[in-house]
Amino acid sequence: MNEAMPDASGGQAPGAGPAPGPAAESAPGAEPVPPERTGVAAVDGLLERLGEAAGLAADGHLAVYEDVHRGLRAELASLDAPHPETRPHDPRS
């Protein structure tokens, strides 16, 4: 086979898979990996809430994920909101 042409397996060598990451390293029933701290209290609180899903049945995960997603979207949207303490630049100054 020509080295420039990928094979039917998507061009990966046999036995080569995705790089190991948190999902690849954890086995079913393994202890969940705590999220990294961001330094933003609201975001850190939302990410910690993901740990609640570990104690729920699979059908309860969706509610936790949707709530966290909603909170993260609100935090991102707040970044675009004008801050009252900032004033527009006065070109006369």
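Values in this document were obtained by computation on a predicted structure and should not be read as measured data.
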task = Output yes when E66 and R73 qualify as a salt bridge under the 4.0 Å nitrogen-oxygen rule, no when they do not.
result = no
ask   = Do Y65 and L47 share a hydrophobic cluster, counting only Ile, Leu, Val, Met, Phe, Trp and Tyr and linking them when any side-chain heavy atoms are less than 4.5 Å apart?
value = yes
query = Taking D44 for the side chain and T38 for the main chain, is one N or O donor matched with an acceptor at less than 3.5 Å?
reply = yes
key: Taking every non-hydrogen atom, the tightest pair across V64 and L50   = CG1-CA, 4.3 Å
key: Closest heavy-atom pair and its distance - E48, P35   = N-CG, 4.2 Å
ask   = Around atom NE2 of H69, are there more than 12 heavy atoms of other residues, nucleotides or ligands at under 6.0 Å?
value = no
